[in-house]
Amino acid sequence: EDKVVQSPLSLVVHEGDTVTLNCSYEVTNFRSLLWYKQEKKAPTFLFMLTSSGIEKKSGRLSSILDKKELFSILNITATQTGDSAVYLCAVERGGGADGLTFGKGTHLIIQP
Amino acid sequence: DTGVSQDPRHKITKRGQNVTFRCDPISEHNRLYWYRQTLGQGPEFLTYFQNEAQLEKSRLLSDRFSAERPKGSFSTLEIQRTEQGDSAMYLCASSLQGPEYFGPGTRLTVT
């Protein structure tokens with residue numbers, strides 16, 4: 001059975017801090033790993049990672065995948081209160097079937 | 001691009017009643033997914049359509065659940081004889097070749 005484990009499950013930091021969120025996975029026939037941000041609504045797509053060692057970046061957010069060690073990290077620099085959300089990691093199998101397998105998420109709270 | 005839309009956004013029903021939810025995917029997306037999310041958990045996959053064909057169903061999808069996508073555009077998810085354990089957020093997502101994009105969800109409360 002596919003498995004995605006995120007850590008920490010919750011994190012409270014002050015505005016301006018840098019945070020690193022972790023995601024480890026076990027999946028048969030890995031195709032991609034995705035990060036989503038979820039506020040009190042639907043998950044919003046952040047990154048899709050398929051290759052090891054290639055950093056994807058969008059503004060203050062960046063992510064990288066290690067397919068040998070089966071993990072990914074999501075970094076957020078210079079955090080703002082608007083970054084407060086649940087960050088979800090998901091893996092996709094090859095073939096496009098089965099949908100995504102999600103972790104439980106990291107609940108990030110940014111204090112002013 | 002109006003994104004994925006879902007209707008209704010909230011539904012309260014009594015145990016034993018049937019409910020139906022609708023999802024309209026992003027217009028050019030041929031893949032459509034249904035997920036269920038409960039508090040403190042990530043979304044759990046329920047079923048997947050490629051065009052009008054239902055290609056995959058999770059073991060979570062008991063025989064009380066049925067989904068259709070009759071013309072390969074919008075989809076409906078029906079739950080018959082609802083139980084309190086069905087209370088959750090039901091999310092729809094669509095994709096073309098890349099990532100899945102999620103709708104706002106339908107929050108179901110079974111009393």
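Being a predicted model, the structure only gives us computed values, none of them experimental.
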* Please report the closest heavy-atom contact between A/A42 and B/P104, naming both atoms and the distance. => CB-CA, 3.8 Å
* Asked: Hey, does the side chain of B/Y35 reach the backbone of A/L100 with a donor-acceptor pair shorter than 3.5 angstrom?
  -> yes
* Asked: Has A/R60 got more than 12 heavy atoms of other residues, nucleotides or ligands less than 6.0 Å from its CZ?
  -> yes
* A/L34 to B/P99 - nearest heavy-atom pair and separation -> CD2-CB, 3.6 Å
* **Among A/G105, A/P43, A/S32, residue most engaged with chain B (heavy-atom pairs, under 4.5 Å)** => A/P43
* Same hydrophobic cluster for A/I73 and A/Y87, using side-chain heavy-atom links shorter than 4.5 Å among ILVMFWY? -> no
* Of all of B/G105, B/P43, B/S58, which one pairs up most often with chain A through heavy atoms under 4.5 Å apart? -> B/P43
* Nearest heavy-atom neighbours spanning B/Q97 and A/R31 -> O-NH2, 4.4 Å
* To do: Report, as yes or no, whether the 6.0 Å neighbourhood of atom NZ on A/K104 holds more than 12 heavy atoms from other residues, nucleotides or ligands.
  => no
* To do: Please indicate whether B/L96 has more than 12 foreign heavy atoms, meaning atoms of other residues, nucleotides or ligands, lying under 6.0 Å from its CG.
  => yes
* Shared hydrophobic cluster for A/I64 and A/L33 (ILVMFWY, side-chain gaps under 4.5 Å) -> no
* Asked: Roughly how far, to the nearest 0.5 Å, is the CE atom of A/M48 from the OG atom of B/S95?
  -> 8.5 Å
* Can you run down the side chain to side chain donor-acceptor pair (under 3.5 Å) pairs that involve residues 33-43 of chain A, sequence neighbours left out, and say none if there aren't any? => A/W35-A/S63, A/W35-A/S72, A/Q38-B/Q37
